[in-house]
Amino acid sequence: YMKLDKNKFFQGVILGIVLVMMIVVPDLSRGQNNAPKTNSLSLYNANIDFIYSISSLIASSSSNLKKSSTPAPSPTPTFSGFCLNVPVLFYHHVQPDSEAKRLWQTALSVDSGIFDQQMSYLVSKGYTAISAKQLVDALLLHATLPPKSIVLTFDDGYKDAYTYAYPILQKYHVTANLMIATGLVGGSDYLSWGDIEEMSRSGLVYFTNHTWSHYPIDQGGYDKVKYEIETGRKQLEEHVNQIVNIFTYPYGSFNNEAIR
């Protein structure tokens with residue numbers, strides 16, 4: 001006979017719902033079904049609002065969780081302390097479908113027309129896009145954020161972030177965060193320093209350190225990791241009017257040595 005911990009049960013159900021929604025969110029960029037794009041956008045809209053409401057519920061309930069009298073080891077994440085409800089939307093390429101197909105980039109691309117509609121929806125529904133620094137500062141200082149805050153991120157610094165995404169960000173006055181591996185800047189299909197400097201001056205785009213060479217830092221020794229992180233930060237700060245103190249891990253890989 002096992003006594004049911006209602007708090008853990010509730011928490012598991014909520015996390016399960018979020019995971020299911022993440023799995024079934026449609027790939028809006030690849031056009032692998034015959035449904036019109038407007039239908040895909042409707043699904044996107046419904047999922048964004050649903051995930052926001054569920055994550056809000058998790059954040060609010062976490063402060064009320066009671067410690068079990070007989071805790072058992074479990075890999076399930078636990079929530080404690082100060083929490084904020086801030087969904088993060090993650091992009092790589094934003095470009096027309098025809099261009100994504102030509103470049104064999106459909107797996108990581110969102111059609112620029114769909115992206116325009118997504119930004120229009122977020123603004124019309126009262127979402128506020130913030131910088132990664134604003135989110136980190138709020139967590140560290142236990143500060144509040146604007147209602148329905150979200151973070152938009154663009155990974156790796158591809159050229160289409162400037163060519164297609166940036167004009168749409170300007171159109172709706174939406175803040176975005178670009179993760180830049182500085183050693184790739186100026187390469188084929190990547191942003192130039194001129195692109196980065198222009199976007200920085202707009203006040204709409206915040207840049208994060210993504211190492212120098214997009215290096216998986218859990219695989220290197222101390223000297224290599226130190227070089228990758230410090231070089232990336234130094235080069236970014238030479239070109240943007242920002243203090244670059246947010247680091248984003250390439251491939252999501254890290255270890256204790258890298259964190260130190």
Side-chain angles (χ1 to χ4, degrees), residues 84 86 88-94 108 119 128-143 145-146 149-170 172-260:
L84 288 171
V86 183
V88 177
L89 307 186
F90 178 60
Y91 296 90
H92 274 86
H93 292 283
V94 174
L108 294 176
M119 296 304 103
T128 300
I130 63 173
S131 71
K133 186 176 186 305
Q134 285 177 276
L135 174 57
V136 170
D137 287 346
L139 288 169
L140 292 174
L141 300 174
H142 291 195
L145 288 169
S149 289
I150 57 172
V151 176
L152 304 180
T153 68
F154 296 80
D155 206 13
D156 300 338
Y158 293 111
K159 184 72 174 182
D160 50 66
Y162 175 81
T163 306
Y164 297 107
Y166 180 52
I168 296 171
L169 298 173
Q170 290 178 302
Y172 296 104
H173 203 72
V174 171
T175 297
N177 302 266
L178 269 64
M179 308 169 187
I180 304 297
T182 57
L184 304 181
V185 173
S188 176
D189 201 33
Y190 287 93
L191 295 167
S192 68
W193 284 119
D195 299 333
I196 291 171
E197 290 166 358
E198 179 183 337
M199 289 189 286
S200 175
R201 289 192 296 269
S202 73
L204 290 176
V205 182
Y206 183 84
F207 297 90
T208 70
N209 180 3
H210 205 39
T211 72
W212 175 70
S213 69
H214 201 267
Y215 184 75
I217 59 175
D218 65 333
Q219 298 180 18
Y222 177 80
D223 290 341
K224 172 63 174 175
V225 170
K226 185 172 185 288
Y227 175 84
E228 287 282 343
I229 295 173
E230 291 187 351
T231 302
R233 176 176 180 173
K234 179 176 182 294
Q235 290 181 342
L236 263 183
E237 290 187 339
E238 289 172 352
H239 291 275
V240 301
N241 187 29
Q242 299 168 356
I243 296 174
V244 181
N245 56 5
I246 304 294
F247 182 77
T248 47
Y249 294 88
Y251 310 103
S253 66
F254 64 92
N255 55 25
N256 291 336
E257 182 70 11
I259 293 172
R260 184 175 71 84

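Values below: all heavy atoms of this structure, side chains included; hydrogens, waters and symmetry mates excluded. Keep in mind the model is a prediction, meaning the values are calculated, not measured.
Distance check, rounded to the nearest 0.5 Å: CD1 of Ile150 to CD1 of Ile130 gives 9.0 Å. Atoms CG and OG1, on Leu184 and Thr211 in that order, are 7.5 Å from each other to the nearest 0.5 Å. Note that NZ of Lys224 and CH2 of Trp212 are 6.5 Å apart. Values are rounded to the nearest 0.5 Å.
Residues Val94 and Tyr91 come closest through the heavy atom pair CG2-CD2, 4.3 Å. Across Ala138 and Leu84, no two heavy atoms sit closer than the pair CB-CD1, 3.7 Å. The two residues Asn177 and Ala132 come nearest to each other via the heavy atoms OD1-N, 2.7 Å.
Using modelled atom types, no side-chain atom of Thr182 and backbone atom of Ser213 make a donor-acceptor pair closer than 3.5 Å. The closest donor-acceptor contact from the side chain of Gln242 to the backbone of Val205 lies under 3.5 Å. Judged by distance alone, the side chain of Asn209 and the main-chain N or O of Ile229 form a donor-acceptor pair under 3.5 Å. Remark: the backbone N or O of Asn241 is paired with a side-chain donor or acceptor of Ser200 at under 3.5 angstrom.
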>> Between Glu238 and Trp193, is the side-chain contact (heavy atoms from CB on, under 4.5 Å) condition met? List the steps.
In response: CA-CA 10 Å; Glu238 289 172 352; Trp193 284 119; over 6 Å; no
>> Walk me through whether Met119 and Leu152 qualify under side-chain contact (heavy atoms from CB on, under 4.5 Å).
In response: CA-CA 10 Å; Met119 296 304 103; Leu152 304 180; 3.6 Å; yes
> Could you go step by step and tell me if Val244 and His239 meet the side-chain contact (heavy atoms from CB on, under 4.5 Å) rule?
Replying inline: CA-CA 11 Å; Val244 181; His239 291 275; over 6 Å; no
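Every residue two or more places apart in sequence or in another chain that forms a side-chain contact (heavy atoms from CB on, under 4.5 Å) with Tyr251 is listed here: His214, Pro216, Ser253. Scored by the salt bridge (charged side-chain N to carboxylate O under 4.0 Å, His left out) test, Glu198 finds no partners at all (sequence neighbours excluded).
Below 30°, between 30° and 60°, or above 60°: for Tyr249 and Phe254 the angle between ring planes is between 30° and 60°, a tilted geometry.
Checked by atom type, the side-chain pair Asp195/Ser192 shows a donor-acceptor distance below 3.5 Å.
Between Glu237 and Arg233 there is a salt bridge, since at least one side-chain N of the basic residue sits less than 4.0 Å from a carboxylate O of the acidic one.
For the pair Lys133 and Tyr206, the cation does not sit on the ring face, since its NZ or CZ is not both under 6.0 Å from the ring centre and inside 45° of the axis.
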